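Keep in mind it's a predicted model, so treat the numbers as computed, not measured. A, B, ... follow the sequence lines: proteins, then strands. Residue 1 opens every chain. Computation of the quantities below employed the complete heavy-atom set of this structure, encompassing side-chain atoms and omitting hydrogens, waters and symmetry-equivalent molecules.
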There are 2 protein chains.
Amino acid sequence: MCRGSTYDVRMAQTNGRTSRRDIYLKLRQMVLTLELAPGAALSENELAASLGVSRTPVRESLILLAQEGLVQVFPKIGSFVSRVDPAQVADAQFLREAVELASLDSLPDRLDTAVVAELRDNLARQRRADLGLEEFFALDEAFHHGLMRLGGHGDVWKTVAAAKGHLDRARRLGLHENVSPAVFAAQHHEIFDAVVGGDLPLARTAMRTHLRAVFDDIERIRAHSPELFAADASTVPVRRNVVVWE
Amino acid sequence: MCRGSTYDVRMAQTNGRTSRRDIYLKLRQMVLTLELAPGAALSENELAASLGVSRTPVRESLILLAQEGLVQVFPKIGSFVSRVDPAQVADAQFLREAVELASLDSLPDRLDTAVVAELRDNLARQRRADLGLEEFFALDEAFHHGLMRLGGHGDVWKTVAAAKGHLDRARRLGLHENVSPAVFAAQHHEIFDAVVGGDLPLARTAMRTHLRAVFDDIERIRAHSPELFAADASTVPVRRNVVVWE
DNA sequence: CGACAGATGCTTGTATACAAGTACTTCGCG
DNA sequence: CGCGAAGTACTTGTATACAAGCATCTGTCG
C-alpha cells in the first residue's frame with residue numbers, strides 16, 4: 001500500500017506569488033549581468049523591502065548564491081556581490097575546457113538531428129546584426145549546452161554553468177567595452193561545421209581556440225580595468241555610504 | 001577613508017555553538033556515508049530537535065543539500081534523502097574523468113615536492129591492513145585532490161567533489177558488500193609512479209583505467225541490489241510510518 | 001584642536017508564530 | 001461489513017521578533 005506517488009513540479013511554481021525560486025533566479029541574473037555590480041553591498045532588509053517579501057526567502061537565496069561564490073556573506077557585517085576573482089575565472093576556464101573537449105570526444109556516430117537543427121537555427125540567430133549583448137550571451141550559452149547534449153552530457157552543463165559565474169561576469173566586462181561577438185560567432189560556426197562533418201581533431205582544436213580566445217579577452221580587460229577584480233578573496237568591500245560616495 | 005579591511009574567517013566559526021556550517025557538514029557527511037539511507041524521510045522539526053537548534057539552520061542546510069542534489073524537498077509534503085540516481089552517477093563519472101585527465105595534461109615539469117611527499121605518505125597509509133572503509137575513502141579523496149593540486153587546480157576539486165555526491169554514495173554501497181580497497185590502492189600507486197616518473201601517457205591510461213574500474217564496480221552493485229537506486233527522479237519516497245513499517 | 005568613550009544604527013544569525021496543504025486515520029452511515 | 005467524508009497530525013513556506021556584534025558618529029574631556 002501507499003507506493004511512492006509522482007510529484008508534479010508545476011504545483012510548486014504556479015503559486016502566483018513570487019517564491020524563493022523566483023527571487024533566487026532574479027538575483028542571480030542581476031549578479032551575472034552586472035546589474036548588481038561586483039563589490040556592491042546587499043542588505044537582506046533592503047532586498048526584502050524592494051521585492052515585497054520578508055527576509056526569509058531573500059536570505060535563503062543569498063545563501064545559495066554564496067555557495068556558488070557569487071555573493072560573500074560576512075556575519076554581523078554585511079553581504080556583498082563578490083568581486084570577480086581571477087583565480088575562479090581561471091578555474092572555470094579549466095573546468096569548461098576539460099568538460100567540453102571530453103564531450104566532443106564522446107560524440108556518437110549518428111548525431112541527434114533535432115539538436116543539430118536547433119544548433120543550426122541558433123547559429124543563424126547569432127549572425128543577426130541587431131543582436132543585443134544579453135541576447136548573444138543567451139545564444140552562446142544555448143550553443144555550448146547543445147553541443148554537450150549532442151555528446152549525451154546535457155545535465156553536466158548545469159554543473160559547469162553553476163561554476164562559471166565569475167567567468168561569465170568577466171566576459172560581460174570584456175564585451176561591454178570591446179564589442180566582438182561576431183568573432184565568437186564565426187568560431188562557433190567553425191566548431192559546428194567540424195562536428196557535423198565528423199572531423200573530431202578539427203572540432204577539438206577549434207573548440208580549444210575558441211575557449212582560449214574568450215579567456216584571453218578576459219585577461220586583456222583585466223589589465224585594462226582591474227578595479228572590479230578581487231585582490232584578496234577575504235577582503236571586505238567598502239560600506240554602503242562610501243559606495244554612495246563614489 | 002575606510003578601505004576594505006580583511007575579515008578573519010575563524011571568528012565566524014569559533015562561536016562555540018553549533019552553527020549552520022556545522023549542521024550542514026554533519027548532515028552532508030551522514031548522507032554521504034549512508035548513515036542517512038537513500039530515500040529516508042527528513043523532518044526539519046525532528047532534525048532541529050535532535051540537534052538542539054531551531055528549524056532555521058536545519059532548513060538552510062537542507063536547502064544547500066537540495067541544491068547539491070543530495071536531498072529532495074517537496075513543499076508541504078516532506079524532505080527526503082535522494083535515492084542514488086544512476087544518471088547523476090554517470091554524469092559525475094564523466095565530469096571527474098574529464099577534469100582529472102585534463103589536470104594530468106597540465107602537470108608542470110617540476111612537481112611541488114611538498115605535495116609529492118604528502119601523496120607518498122598517503123599511499124603508505126592506504127597500504128595498512130587495518131584500514132576502515134571511511135578511512136580509505138578519506139585517503140582516496142585526499143589522493144585525488146592532491147593530484148589536482150599538483151596540476152595547479154586544487155580549487156577545481158571543490159566543484160568536482162560537490163557534483164559527485166551520488167557517485168560517492170554508490171561507491172560506498174559497492175564497497176560495503178564487496179571489499180576491495182587494495183585493488184584501488186594498487187591503481188593509485190600505479191598512477192603516482194607514472195606521474196613522478198614523468199610518463200604522461202601511462203599516467204593518463206592508469207587514471208582512466210582506475211576511474212573506469214570504480215565505475216564498473218558501481219554498475220555491478222546496481223545490478224545486484226537496485227532497490228536503493230532511483231527509478232524516476234520525481235518520485236516521492238514512501239512516508240515515515242511506512243518506513244518504520246519496513 | 002585632538003583623542004577617547006559612549007551611543008546609535010546598521011548588519012546577519014537564530015528562534016518562534018502563523019499560513020497553507022497533504023496524507024492518513026477514524027468515525028459515521030448505508 | 002464496506003465506504004465515504006470529516007478530522008487530525010504532520011509537512012514545508014513565510015513573516016516576524018529577538019539576540020549579538022561591528023562600524024561609524026558624536027559628545028565630551030584634556
(request) For dT11(D), take OP1 and OP2 only and decide whether either is under 4.0 Å from a side-chain N or O of Ser79(B). (result) no
(message) Should the side chain of Arg21(A) and the base of dG13(D) be counted as holding a donor-acceptor pair, with the cut-off at 3.5 Å?
(response) no
(request) For Glu68(A), enumerate each residue passing the side chain to side chain donor-acceptor pair (under 3.5 Å) test, keeping only those at least two apart in sequence or located in another chain. (result) Tyr24(A), Arg28(A)
(request) Would you kindly give the CD1-to-P distance between Ile77(A) and dT12(C), to the nearest whole Å? (result) 10 Å
(request) Rounded off to whole Å, could you give me the CG-to-P distance for the Leu51(A) and dA15(D) pair? (result) 11 Å
(request) Run the numbers on Leu119(B) and Leu150(B) for side-chain contact (heavy atoms from CB on, under 4.5 Å), then give the verdict. (result) CA-CA 10 Å; Leu119(B) 286 173; Leu150(B) 279 182; 3.7 Å; yes
(request) Name the nucleic acid region contacted by Arg55(A), choosing base, sugar-phosphate or nothing; use a 4.0 angstrom heavy-atom cut-off, strictly under. (result) base
(request) Could you check how far CZ of Arg20(A) sits from P of dA15(D), rounded to whole Å? (result) 13 Å
(request) Tell me whether the OP1 or OP2 atom of dG13(C) has a side-chain N or O from Ser19(B) closer than 4.0 Å. (result) no
(request) Answer yes when Glu135(A) and Arg125(A) have at least one side-chain N-carboxylate O distance shorter than 4.0 Å, and no when they do not. (result) no
(message) Categorize Arg59(A) for me: base, sugar-phosphate, or nothing, with a 4.0 angstrom heavy-atom threshold over every strand shown.
(response) base
(message) Which is more 5' along DNA chain C, the nucleotide nearest Leu62(A) or the one nearest Thr56(A)? Just name the residue.
(response) Leu62(A)
(request) In whole angstrom, give the distance that lies between atom CG of Asp22(A) and atom C1' of dT14(D). (result) 14 Å
(request) Determine, for Phe137(B) and Arg171(B), whether the Lys NZ or Arg CZ falls below 6.0 Å from the six-membered ring centre while staying within 45 degrees of the axis. (result) no
(message) Taking only side-chain N and O atoms of Ser54(A), does any of them lie within less than 4.0 angstrom of OP1 or OP2 on dT16(D)?
(response) no
(request) Starting at atom NZ of Lys76(B), determine the distance to atom P of dT11(D), rounded to an integer number of angstrom. (result) 14 Å
(message) Rounded to whole Å, please give me the gap between CD in Glu46(B) and P in dT11(D).
(response) 6 Å
(request) Identify which nucleotide among dG13(D), dG21(D), dT14(D) has an atom closest to any side-chain atom of Glu60(A), counting heavy atoms from C-beta outward. (result) dT14(D)
(message) Between the side chains of Lys26(B) and Glu35(B), is the shortest nitrogen-to-carboxylate-oxygen separation below 4.0 Å, so that they form an ion pair?
(response) no
(message) Is there a side-chain contact between Asn45(B) and the phosphate of dC10(D), meaning an N or O under 4.0 Å from OP1 or OP2?
(response) no
(request) Return the value, rounded to whole Å, for the distance between atom CD of Glu44(A) and atom C1' of dT16(D). (result) 14 Å
(message) Nearest whole Å is fine: how far is dT14(D) P from Ile63(A) CD1?
(response) 13 Å
